[in-house]
Visitor: 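One structure follows; several queries about it will come next.
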There are 2 protein chains.
Amino acid sequence: MSKIIIIEDDIYLREELVTTFAKKEYSVSGISSFVTPEQEILDSEPDLAVLDINLPGKSGFELCKWLKARSDFPILILTARDTLSDELLALGLGADDFLTKPCHPERLLARVERLLQTYGKMRNIIQVGELTLDTDTYKVIWRNSHVILPETEGKILQILMEQHPSLVDKQDLFSSLWGGSEYVDENILQVNINRLRKSLDTLGLRDIIQTIRGQGYRLEVFRT
Amino acid sequence: MSKIIIIEDDIYLREELVTTFAKKEYSVSGISSFVTPEQEILDSEPDLAVLDINLPGKSGFELCKWLKARSDFPILILTARDTLSDELLALGLGADDFLTKPCHPERLLARVERLLQTYGKMRNIIQVGELTLDTDTYKVIWRNSHVILPETEGKILQILMEQHPSLVDKQDLFSSLWGGSEYVDENILQVNINRLRKSLDTLGLRDIIQTIRGQGYRLEVFRT
DNA sequence: GGTCTTTCTTACACCATCTGTAAGTATTAT
DNA sequence: ATAATACTTACAGATGGTGTAAGAAAGACC
């Protein structure tokens, strides 16, 4: 069954939540240390996180933003802070739902259920602005159209998106793509960048890959 | 920009919602006739629907269920009915969010924005129970694993899922897959069914394709 | 139980696509 | 102007997907 992680410092409420989910046959765990919760959360590879805002150390807002940039499981914010601006901030940071305490367990369960169902359809999706990439199939989605890239082009785009908005060194691309093997033609990267540009051009994405002469490539920042 | 459809019988509120969304550069339209709203909604191919519950004719609940079975855009329920059981019912029928009137426009906009962002990542996804298929790439997801099918196998699975839980006639499969072309070996369907079964077996999905001797195939109904 | 029909399984060869190599052209920096 | 870097196009080998073929297994019917 799905794995849920609870990030909540009130031990009483945390245990209550754990019990609520455990009853429904979820595999559920609570975070107890708030010194460096980030890695603990990522390492547990949850299917969903229930996140409080008022935490010792990093706030739930910061945590939400940090997690959303590095993972693709849904985050449900559950907090006593019930102002509209809190909700707008949370949703703006990528939170998937926002519920206020006290929250009826059935409502929480229903919301969690819905998120799991929605996200169950999307595994291994990364996103930069409006650009979406499925890293299993290398399907690229932008606005209302899509292309399916061959493996090499897809891997290049994946690296560019993961490093966005930083520059990606040519050497990094070489070692990621052809690292283990023996010598390959220096030109191979340019050829594949060229192919990738042509593929993306069919979506109307001209010039989103910038060349930084002598160093490497990077994704152009574009309006969202 | 994204296209939103408003299904709300109170003309006053409807116009207010239309204005709210229009300001944010959404392409927005309202339903005015409630005799047969279903087809009008589908035909407009919206990216999201805002749906009231208390409607003349079919209720919003029925409409939600009907639409969810035939389309894949998100549905946000916006209603004056604020009981928990209404919310649970709506979410259970597949609604993606549930807000009660009166609702602050900013909250509504933020929720809509979030849904559009989430759904923007998932184009052309169909689902039967826990089984998910991307009909562009033929990536099949089940529980925590996935396979990418070759085109022919993927098309067969797509048809079986679209017709589920009905039986699919062998002739239908033949005409869908090899319809236009000249003669093909009768055996080709059996070979590809066999290949598809083996591919799905790598997910632990043994025997989900039933053979109906003399007629065709169908997807086994399994526990969700 | 025997026989006929239908379905399943495995192997093989053709074909399309992807990939790296090569060679030549264009662009940029100094 | 010249050299260095980046781009473009064409080509051939490798890979994986597809239909054909032939025989084995399973089910229906008497």
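So you know, we letter chains A, B, ... as the sequences are listed, proteins then strands, and number each from 1.
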Visitor: Grab the CD-C1' distance between B:Q190 and C:dT6 for me, whole Å please.
Guide: 7 Å
Visitor: Check DNA chain C against residues 150-160 of chain A and give the residues with a non-hydrogen atom under 4.0 Å, in numerical order.
Guide: A:P150, A:E151, A:T152
Visitor: Could you state the CD-C1' distance from A:E186 to D:dA4, rounded to the nearest angstrom?
Guide: 13 Å
Visitor: CG of A:L189 versus P of C:dT21: gap in Å, rounded?
Guide: 13 Å
Visitor: Quick check on D:dT5: is either OP1 or OP2 less than 4.0 Å from any side-chain nitrogen or oxygen of A:Y217?
Guide: no
Visitor: Expressed in angstrom and rounded to an integer, what is the separation of B:Q215 atom CD from D:dG27 atom P?
Guide: 16 Å
Visitor: If you take atom types as modelled and just measure distance, does the side chain of A:N187 reach the base of D:dT5 with a donor-acceptor pair under 3.5 Å?
Guide: no
Visitor: Would you indicate, yes or no, if D:dT9 has its OP1 or OP2 atom less than 4.0 angstrom from a side-chain nitrogen or oxygen of A:K198?
Guide: yes
Visitor: The test is side-chain hydrogen bond (donor to acceptor under 3.5 Å, both in side chains); show your working for A:Q158 and A:E162 and say whether it passes.
Guide: CA-CA 6 Å; A:Q158 178 176 354; A:E162 285 171 347; 3.1 Å; yes
Visitor: Between A:Y217 and A:L189, is any pair of side-chain heavy atoms under 4.5 Å apart?
Guide: yes
Visitor: Rounded to whole angstroms, how far apart are CG on A:L173 and P on D:dA6?
Guide: 12 Å
Visitor: Could you tell me whether the phosphate oxygens of D:dC7, OP1 or OP2, come under 4.0 Å of any side-chain nitrogen or oxygen in A:R197?
Guide: yes
Visitor: Between A:I209 (CD1) and D:dT8 (C1'), how many Å, whole number?
Guide: 15 Å
Visitor: Report yes if at least one side-chain N or O of B:T211 is closer than 4.0 Å to OP1 or OP2 of C:dC8; otherwise report no.
Guide: yes
Visitor: Should we say atom NZ of B:K65 is surrounded by more than 12 heavy atoms from elsewhere, each under 6.0 Å from it?
Guide: no
Visitor: Round to the nearest Å and state the distance from B:I188 atom CD1 to C:dC12 atom C1'.
Guide: 13 Å
Visitor: Are any of A:N194's side-chain N or O atoms less than 4.0 Å away from OP1 or OP2 of D:dT8?
Guide: yes
Visitor: When rounded to the nearest 0.5 angstrom, what is the spacing between CG in B:L108 and CG in B:L78?
Guide: 6.0 Å
Visitor: Whether B:N192 contacts D:dG19 is assessed here as follows: a side-chain N or O lying under 4.0 Å from the phosphate OP1 or OP2. Is that the case?
Guide: yes
Visitor: Checking the side chain of B:D96 only, and the main-chain atoms of B:I75 only, is there a donor and an acceptor separated by less than 3.5 Å?
Guide: yes
Visitor: If I take atom CG in residue A:L196 and atom P in nucleotide D:dT8, what distance separates them, rounded to the nearest angstrom?
Guide: 12 Å
Visitor: Would you say D:dT18 has OP1 or OP2 under 4.0 Å from some side-chain N or O of B:W178?
Guide: no
Visitor: Determine yes or no for a side-chain-to-main-chain donor-acceptor pair under 3.5 angstrom, with A:E62 supplying the side chain and A:S59 the backbone.
Guide: yes
Visitor: Pick the nucleotide of DNA chain C nearest each of A:R195 and B:I212; which residue has the one closer to the 5' end?
Guide: B:I212
Visitor: Does a side-chain N or O of A:K170 approach OP1 or OP2 of D:dA6 to a distance below 4.0 Å, or not?
Guide: yes
Visitor: Any side-chain heavy-atom pair from A:V112 and A:L116 closer than 4.5 angstrom?
Guide: yes
Visitor: Could you tell me whether the side chain of B:D169 and the main chain of B:G216 form a donor-acceptor pair under 3.5 Å?
Guide: no
Visitor: Any donor-acceptor pair under 3.5 Å linking the side chain of B:K3 with the backbone of B:S44?
Guide: yes
Visitor: Could you list, one pair per line, each protein nitrogen or oxygen that sits under 3.5 Å from a nitrogen or oxygen of nucleotides 26-30 of chain C, together with the distance?
Guide:
{"residue": "C:dT28", "atom": "O2", "partner": "A:R213", "partner atom": "NH2", "Å": "3.3"}

Visitor: Reckon A:Y138 has a side-chain N or O less than 4.0 Å from the OP1 or OP2 of C:dC18?
Guide: no
Visitor: Show the nearest heavy-atom pair for residues B:K68 and B:L93, with the distance to one decimal.
Guide: CG-O, 3.9 Å
